[in-house]
Amino acid sequence: MTTAATVADTVPDFYHEKTRFKGIFGWIFSTDHKRIGLLYLFAVITFFLVGMILGVLMRLEMLTPENTIVTPQTYNTFFTLHGIIMIFLVVIPAFPAVFGNFLLPLMIGAKDVFFPRLNLLSWWLFIAGGTLALVSIFLPGGAADTGWTFYVPYSIRSNTNIIPALMAAFILGFSSILTGLNFITTIHRMRAPGMTWFKMPLFVWSLYSTAWVQILATPIIGITLLLVVIERLFGVGIFDPTLGGDPVLYQHLFWMYSHPAVYIIILPAMGVVSDIIPVFARRTIFGYKFIAYSSIAIAAVGSLVWAHHMFTVGMSNTGMFIFSLLTFIVAIPSAIKVFNWVATLYKGSIQLEVPLLFMLAFIMQFSIGGLTGLMLGALSVNIHVTDTYFVVGHFHYVMFGGTGFALFGALYYWFPKMFGRMYIKRPAFIGWLLMTVGFNILYFPMLILGYMGMPRRYYHYLPQFETLHRIATVGSWIMVIGIIILIVNLIVSLKKGKKAPANPWGAATLEWTVSSPPPTENFHEIPVVTTGPYDYSNITQSVEETR
Amino acid sequence: MTQHEEEHKQHRVPYGEYILIWLGLLALTCLTVALAGIDLGRWVIITALIIASVKSLLVMNVFMHLKYEDRMFRLFALVALVTFIIFISLTFFDYAFH
């Protein structure tokens, strides 16, 4: 992609850079975007494992219709914490904060992000918010039990530790805003010469769209959560109907952020899919501009569909019609992406490496998640399945079947660049297989359960739902075994994996032009970009040499 | 002057202007409080929003220096403003049609 070799062999990689502080302090006070990206990675994986354990325990409780392992109150805190951790601490920061930080400057030919110190502050805010969320579990009063949505009036009346949990989400919001601000500025100001908007990798386009959503939507949740805190502390009637407040207004404000947050979660994952598929299909991406513009369209229209979460709360018919229509419109740019990915694979020279397998699973599972989302967007069906397991199934097909799978695929794809080692292939394949099979056994029955009328968040359930609940629980065990294999494999590969060359996959984006792992300031000389990110015409030869 | 220097030039605003704007903001706050005591019916929200918008514009233009920045920054602020207007308008598709 560049006209010149970009790095001298003598420059040390970023693991061996000279830092102001030694040891761990050299990491937690580093302003290097790659180190910050890895700090986020370890934090996100840790939080993911905590959230996963809570999820497995919830499934275990659902094994029988009556009490299985925990009390009803504990079950309430489990689903609340599982939601808060997985959403605010895992899937929202997963792509922008981990991969965005590590890759964005490398992909656009920059030495770092535009505001490196702000970037470090963003990580510290993330850790502060995450710690507060975890500490709130153990404070007197007990963990929050409202569900991750903090719906009023219950969140005003619950005696559990609501305020620490709300403040944690508030602080995490600031972390997200700062990351978005940094990325928009970086993309506008720091692209290498020749890196025009339409020579940017599609992951960068998706980060750009996401960053706008982070900046524009996150302040709304910030102020909304703060209003709940004020209402709890001072009894001001904002949302509580007994004090003259309006609980539906809370839902509007909450979803005004939390629906766009779904796009903060899924858009960069889509960018990753767009970047990985062409590499393993050995052909240029089909419909580059359509995919780039569809990211902007999803960010724009996706921010306007929030009230489809509220069709049963007594909204006006006009409101319901408008929000249902907008929900259907947002499916168009999403489908554009799916069709373009499939078209990219068509007649490609497909190499079934593990990252591509994750992307293929993404396409299938995201399609199921997206289409069930359209069912939920239809007013008549929505009334039937609102607050049932159908919603839980749909949501996990998008969040986990989509973003979660893209996250693991991205981790395997960029692992050689991040750590300078290749992953071990066989366990990676077995892990993927178990994870995919387990995932579908776990979540597909939820779609059926919901359609049959099983309500979400219920501790006890009717006996006719038992078989499907059991199947789902067994699925959770299979999936967790797969996840453990995947994570252990990555840890083992850090030590035992083969040394990674600069460009093991024969990719054409800029990050693969520097050594693995990259040197401290990425590029010895800022590269001059002359060809597109999916032009493999000059790459094939060097790949054969490295293999 | 090089482009670099041009990008970083500082526009100095006289203190008098800041104080004037501050007094203006105080006056508008007093107006909001005064109007809260009068029953304006359906105009309550509209007047409150108009006053708040004028205050925001003053803060953004003068205190945040948007008036003196280049077009790109004003465009970004406009995106935020338009988004805000769309969010409020869509919410009113619910409230106004009850």
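Values in this document were obtained by computation on a predicted structure and should not be read as measured data. For the numbers below, each heavy atom of this structure counts, side chains included, while hydrogens, waters and symmetry mates do not. Protein chains get the first letters and strands the later ones, always in sequence-line order, with residue 1 at the start of each.
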Portion of B:F76 that has a non-hydrogen atom of chain A nearer than 4.5 angstrom
both
Can you tell me which portion of B:T91 sits under 4.5 Å from chain A's heavy atoms? Options are side chain, backbone, both or neither.
both
Without swapping roles, check the side chain of B:Y95 against the backbone of A:M315 for a donor-acceptor pair under 3.5 Å.
no
Is the backbone N or O of A:S316 less than 3.5 Å from a side-chain atom of B:D94, with the two atoms forming a donor-acceptor pair by type?
yes
Per-residue contact mode, A:I322 against chain B (heavy atom under 4.5 angstrom)
side chain
Where on A:F323 is there a heavy atom nearer than 4.5 Å to chain B: the side chain, the backbone, both, or neither?
side chain
Could you go through A:W212 and B:T83, starting from their C-alpha distance and side-chain angles, then the distance that decides it, and tell me whether this counts as side-chain contact (heavy atoms from CB on, under 4.5 Å)?
CA-CA 11 Å; A:W212 273 108; B:T83 309; over 6 Å; no
Residue [X] excluded, over 12 heavy atoms near [atom1] under 6.0 Å:
X	atom1	value
A:F198	CZ	yes
B:L81	CG	yes
B:F84	CZ	no
B:W43	CH2	no

To the nearest 0.5 Å, tell me how far A:M320 CE sits from B:F97 CZ.
13.5 Å
If you tally heavy-atom pairs under 4.5 Å against chain B, which of A:I184, A:L216, A:I220, A:L253 wins?
A:L216
With a 4.5 Å cut-off on side-chain heavy atoms, are B:F87 and A:W306 touching?
yes
